[in-house]
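Notes for the one structure printed next.
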Amino acid sequence: MKTLPLSLTQKTLEKLFQDGTCLTFNPIGPTYGRSIMERQREYKLKHNVKDVWIIQKLNTLPLEHYNVPFHFFSNGVLIHRFNPTKDYSYMLEKIKKALSLHGYKIKKIYGPQVQFDIFGYSEFLQKISKYADIQYPPEQNLEIMPLPDKDSFLKKCFDKNNILLTASKFEQIAPTYRKFLALFEDGSFFVSKDYKGGNSINDPETTYDFTFKYNQYVYLKRLYVPQDYIEALYEKAKTFDWYISENEALKNLPPQENLTDEEKFKMQDYIKTLLENRKCISVTLPPSTAPYIGHIAPHHDWYVLFNDGKLILSKDRHEVENKAQIKTLQLSYPDLKFDIEYVPEHYIAAIYEEVSKIQKTAKDIYLEILKQKARALKKLLQIPHHEALELSAQMVGFKSWKDTLSMNERNARYAIERENEKKQYALEQGKDPLQREYNIYLQTKAAIKHQAKKI
């Protein structure tokens with residue numbers, strides 16, 4: 001089916017909602033977020049239940065709020081923002097199948113006609129979400145559904161020959177994510193509730209990391225289930241002929257690099273020349289004044305930036321993604337004159353490996369921040385140094401100081417940024433940053449202890 005152009009105007013927006021119901025909108029904004037939490041709390045108290053889902057009556061295909069590649073209306077209209085210079089027919093087929101499983105059929109498709117239309121369509125999709133939030137008030141279109149029992153849950157998940165993509169031999173998805181999430185062919189996306197609101201500092205692989213890495217598969221909103229439900233899904237998956245074991249799945253993943261000795265020598269020689277008289281400044285996050293830092297910059301798997309403006313980008317990424325990366329970095333470092341070069345993606349990891357040998361990494365920097373905090377805590381509370389180290393780690397979410405040593409490099413970049421934000425906020429409030437953080441830690445600890453007594 002051919003993708004048609006669409007006039008991205010307010011009049012078009014209003015007509016879309018007149019002609020059909022937007023089935024893929026996901027209510028946004030802080031008011032809605034509080035509404036969900038309040039209703040969950042009220043329901044739990046009233047019915048004495050632990051596990052419930054907040055379901056939207058109109059929203060049979062709720063999208064992940066940060067990953068909106070398309071919107072679908074009940075009259076068969078699909079609007080997407082896929083790059084027209086790339087072949088996204090596989091994605092449209094997945095969407096088509098997911099819709100058919102819910103009883104819907106695509107009748108017309110609208111989307112970008114040229115590459116630079118993507119930004120206009122992305123903005124228009126956001127307008128659809130905001131407009132839908134007004135048209136379908138949460139208080140009228142939310143209902144609370146108890147979590148089904150495990151047997152019913154398993155039966156529904158695998159109904160109509162639904163394939164568990166994260167355990168399918170037909171897909172190349174890292175099996176390490178199986179421990180806490182499951183994604184199905186129809187878009188159903190389940191995450192262990194043990195990972196709900198978890199501390200991402202401790203987990204190199206998170207749900208966000210999965211959706212970032214495999215966004216061609218993920219488009220429906222996640223639902224949280226007990227950990228044993230996730231384990232039961234993979235146990236059940238073993239009975240189907242499309243199932244692949246974790247060991248086999250690891251073998252089938254494309255190698256990060258499969259280089260000849262000549263290619264390795266060429267890469268090493270290039271990196272040696274690159275690092276001469278340069279300092280890498282992308283081991284930490286760029287200044288947070290630039291927009292969309294959290295969506296692009298933390299994953300430095302695809303770029304390396306140096307203090308003289310030398311910017312190395314992966315030539316294996318989409319052109320649009322690289323342009324967005326460049327724009328973000330230019331906003332972060334307005335005084336740098338960029339000299340851009342494109343290299344194979346496996347060069348990026350190799351560059352950072354060599355950088356770690358000659359300068360501090362994000363992990364090194366963050367551990368030094370925690371050690372400085374420990375020294376201040378030792379003085380403030382008059383406690384031994386080893387106790388201060390343990391307390392310093394626990395205040396930022398680790399169980400012990402030992403856990404900090406296995407911290408993921410990318411998560412360290414986030415953590416450094418959080419430390420800067422906390423310090424800046426405390427100073428703006430006229431408070432001592434360390435004392436404020438310690439007080440919050442004590443309050444949180446007391447609240448958890450009180451809740452445990454009630455249970």
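Given the structure is predicted, the values throughout are model-derived calculations rather than measurements.
Atom CG of D117 is separated from atom CG of N83 by 10.5 Å, given to the nearest 0.5 angstrom. With rounding to the nearest 0.5 angstrom, the OH atom of Y88 is 10.5 Å from the NE2 atom of H80. Within the model, atoms CH2 of W302 and CG of N322 stand 10.5 Å from one another, a figure rounded to the nearest 0.5 Å. If you take CE on M395 and CG on L442, they are separated by 8.5 Å, rounding to the nearest 0.5 Å.
Checked against side-chain hydrogen bond (donor to acceptor under 3.5 Å, both in side chains), Q435 has the following partners two or more places apart in sequence or in another chain: N439. Here F265 pairs with nothing under the side chain to side chain contact (heavy atoms under 4.5 Å, CB included) rule; sequence neighbours left out. Every residue two or more places apart in sequence or in another chain that forms a salt bridge (charged side-chain N to carboxylate O under 4.0 Å, His left out) with E354 is listed here: K357. When the side chain to side chain contact (heavy atoms under 4.5 Å, CB included) test is applied to T361, the partners found at least two apart in sequence or on another chain are S356, K363, D364, E409. With sequence neighbours left out, the side chain to side chain contact (heavy atoms under 4.5 Å, CB included) criterion links S168 to I163, F170, E171, W242. Residues satisfying the side chain to side chain contact (heavy atoms under 4.5 Å, CB included) criterion with S100, sequence neighbours excluded, are K97. K238 pairs by the salt bridge (charged side-chain N to carboxylate O under 4.0 Å, His left out) definition with E235, not counting sequence neighbours. Every side-chain hydrogen bond (donor to acceptor under 3.5 Å, both in side chains) that D186 has, sequence neighbours left out, goes to N162, S188. Every residue two or more places apart in sequence or in another chain was checked for a salt bridge (charged side-chain N to carboxylate O under 4.0 Å, His left out) with D432, and none qualifies.
Side-chain contact annotation: Y229 with S192, donor-acceptor N/O pair under 3.5 Å absent. Between the side chains of S89 and D87, at least one donor N or O lies within less than 3.5 Å of an accepting N or O. S314 and H346 share no side-chain donor-acceptor pair at under 3.5 Å. The closest side-chain donor-acceptor pair between Y366 and T284, if any, does not fall under 3.5 angstrom.
In summary, R418 and E421 do not engage in a salt bridge, as defined by a charged side-chain N under 4.0 Å from a carboxylate O.
Remark: side-chain polar atoms of R413 are paired, donor with acceptor, to backbone N or O of S282 under 3.5 angstrom. Of the possible donor and acceptor atoms, none in the side chain of Q227 sits under 3.5 Å from a partner among the backbone N and O of F180. Proximity of a side-chain donor or acceptor of D339 to a complementary backbone N or O of G309 within less than 3.5 Å is not detected. At distances below 3.5 Å, at least one donor-acceptor pair connects side-chain atoms of K169 with backbone N or O atoms of D241. Looking only at distances, no side-chain donor or acceptor of T166 sits under 3.5 Å from a matching main-chain atom of R178. In terms of modelled atom types and a separation under 3.5 Å, the side chain of R81 and the main chain of G111 share no donor-acceptor contact. Judged by distance alone, with hydrogens and angles left aside, the side-chain atoms of Q126 form no donor-acceptor pair with the main-chain N or O of Y121 at under 3.5 Å.
Residue P175 comes nearest to E246 through the heavy atom pair CG-O, 3.6 Å, listed as atom of the first residue, atom of the second, then distance. Minimum interatomic distance between P69 and Y219 (heavy atoms only, all atoms of both residues): CG-CB, 4.3 Å. Contact record, I416 with A362: CD1-O, 3.4 Å, taken as the closest heavy-atom pair. Considering every non-hydrogen atom in both F306 and I281, the closest pair reads O-CD1, 3.9 Å. Residues F190 and I230 share a closest heavy-atom pair of O-CD1, 3.8 Å.
Between F210 and Y214, the two ring planes are tilted [angle within 30° to 60°].
Legend: salt bridge (charged side-chain N to carboxylate O under 4.0 Å, His left out) pairs involving residues 378-398, not counting sequence neighbours: none detected. Applying the side chain to side chain donor-acceptor pair (under 3.5 Å) test to every pair with at least one member in residues 265-276, sequence neighbours left out, gives these pairs: Y270-E341.
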For this session: Go through the steps to decide whether L6 and F124 satisfy the test side chain to side chain contact (heavy atoms under 4.5 Å, CB included), and finish with yes or no.
Result: CA-CA 10 Å; L6 187 68; F124 191 70; 4.0 Å; yes
As a quick check of understanding, evaluate side chain to side chain contact (heavy atoms under 4.5 Å, CB included) for F82 and M91, giving each step before the final call. CA-CA 9 Å; F82 300 134; M91 188 62 178; 3.4 Å; yes
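The shortest side-chain heavy-atom distance between I95 and F72 does not fall under the 4.5 Å cut-off.
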Show me, pair by pair, the donor-acceptor contacts under 3.5 angstrom made by side chains of residues 368-375, not counting sequence neighbours?
{"residue": "E368", "atom": "OE2", "partner": "R375", "partner atom": "NH2", "Å": "3.1"}
{"residue": "K373", "atom": "NZ", "partner": "E419", "partner atom": "OE1", "Å": "2.9"}
{"residue": "K373", "atom": "NZ", "partner": "E419", "partner atom": "OE2", "Å": "3.2"}
{"residue": "K373", "atom": "NZ", "partner": "E437", "partner atom": "OE1", "Å": "3.0"}
{"residue": "K373", "atom": "NZ", "partner": "E437", "partner atom": "OE2", "Å": "3.0"}

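Between F189 and F184, the distance from one ring center to the other does not fall under 6.0 angstrom.
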